[in-house]
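Notes follow the structure.
Residues: numbered from 1 along the sequence shown.
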Amino acid sequence: MEKVTIAQKLSLFNDHWNPRIVGELNGQHVKLAKFQGEFVWHKHDNEDEMFLVVSGQFNMEFRDRTVVLKENEFLIVPRGVEHRPVAEHEVSVLLFEPASTLNTGDAEKNELTRDTLDTI
């Protein structure tokens with residue numbers, strides 16, 4: 001049982017779209033990631049995802065609307081809902097999702113797919 005300092009963990013990496021595991025509980029992963037640019041359209045058939053903005057802001061695009069998320073705001077994307085995060089500038093995000101969640105979901109595997117995540 002060690003406390004986690006989010007800023008310290010975020011200082012350990014600079015790449016984008018590569019989540020790091022910073023905690024685990026009840027089959028869930030707590031992850032930190034930095035976003036910049038456009039991600040791929042995808043959905044998760046069996047997992048809900050929570051996105052909490054630590055710093056910056058990004059748009060969560062859905063096929064029928066866009067939700068702007070700013071610092072200290074979060075959004076839960078229900079399983080089965082197609083979405084795409086887009087960040088004009090770098091944003092730091094805490095994700096909370098089942099350990100089985102693949103970052104690119106049902107999208108064809110590509111350069112953004114992370115099959116194995118580092119724990120920091």
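With a 4.5 Å cut-off on side-chain heavy atoms, Ile76 and Met50 count as touching. Proximity of Trp17 to Pro85: side-chain heavy atoms (C-beta onward) are separated by under 4.5 Å at one or more points. A 4.5 Å side-chain heavy-atom check between Val53 and Val91 finds at least one atom pair inside the cut-off.
Between Leu75 and Phe62, the shortest heavy-atom distance links the atoms CD2-CZ, 3.9 Å. Considering every non-hydrogen atom in both Glu71 and Ser55, the closest pair reads OE1-CA, 3.6 Å. Across Leu117 and Pro19, no two heavy atoms sit closer than the pair CD2-O, 3.4 Å. Nearest heavy-atom pair across Glu73 and Val68 is OE1-O, 3.8 Å.
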Determine all donor-acceptor pairs shorter than 3.5 Å in which one atom belongs to a side chain in residues 105-115; sequence neighbours excluded.
unit_1 : atom_1 : unit_2 : atom_2 : d
Asp106 : OD1    : Lys43  : N      : 2.9
Asp106 : OD2    : Lys43  : NZ     : 3.4
Lys109 : NZ     : Asp115 : OD1    : 3.0
Asn110 : OD1    : Leu112 : N      : 2.7
Asn110 : ND2    : Glu108 : O      : 3.1
Thr113 : OG1    : Thr104 : OG1    : 3.0
Thr113 : OG1    : Asn110 : N      : 3.0
Thr113 : OG1    : Asn110 : O      : 3.4
Arg114 : NE     : Asn18  : OD1    : 3.3
Arg114 : NH1    : Glu111 : O      : 2.9

Contacts under 3.5 angstrom, residues 4-14 side chains, donor-acceptor by atom type, not counting sequence neighbours:
unit_1 : atom_1 : unit_2 : atom_2 : d
Lys9   : NZ     : Ile120 : O      : 3.2
Ser11  : OG     : Gln8   : O      : 2.6

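The environment of CZ in Arg65 is sparse: at most 12 heavy-atom neighbours from other residues, nucleotides or ligands sit within 6.0 Å. Residue-environment remark: CG (Asn26) stays at or below the threshold of 12 foreign heavy atoms within 6.0 Å.
When the side chain to side chain contact (heavy atoms under 4.5 Å, CB included) test is applied to Arg79, the partners found at least two apart in sequence or on another chain are Asp48. With sequence neighbours excluded, the residues that form a side chain to side chain donor-acceptor pair (under 3.5 Å) with Glu38 are Arg84.
No hydrogens or angles considered: a donor-acceptor pair under 3.5 Å links the side chains of Glu90 and His16.
Counting only residues at least two apart or in different chains, salt bridge (Lys or Arg N to Asp or Glu O under 4.0 Å) contacts with residues 49-60 are absent. Sorted by first and then second residue, the salt bridge (Lys or Arg N to Asp or Glu O under 4.0 Å) pairs with a member in residues 23-36 read Lys31-Glu97; sequence neighbours excluded.
Following chains of ILVMFWY side-chain contacts shorter than 4.5 Å, one can reach Phe51 starting from Phe39, so the two form part of one hydrophobic cluster. Each of Leu95 and Val30 belongs to its own hydrophobic cluster when Ile, Leu, Val, Met, Phe, Trp and Tyr are linked at side-chain heavy-atom distances under 4.5 angstrom. Cluster membership check: Leu94 does not share its hydrophobic cluster with Val67, using side-chain heavy-atom separations under 4.5 Å among Ile, Leu, Val, Met, Phe, Trp and Tyr.
Using the six-membered ring where Trp is involved, His83 and His44 have ring planes that are tilted, between 30° and 60° apart.
Going from atom CD of Gln36 over to atom CZ of Phe58 covers 13.5 Å, rounded to the nearest 0.5 Å. The OG1 atom of Thr101 sits 9.5 Å away from the CG atom of Asn103 when rounded to the nearest 0.5 Å. Distance check, rounded to the nearest 0.5 Å: CG of Leu69 to CZ of Phe74 gives 10.5 Å.
Gln28 contributes no side-chain N or O that, together with a main-chain N or O of Leu25, makes up a donor-acceptor pair within less than 3.5 Å.
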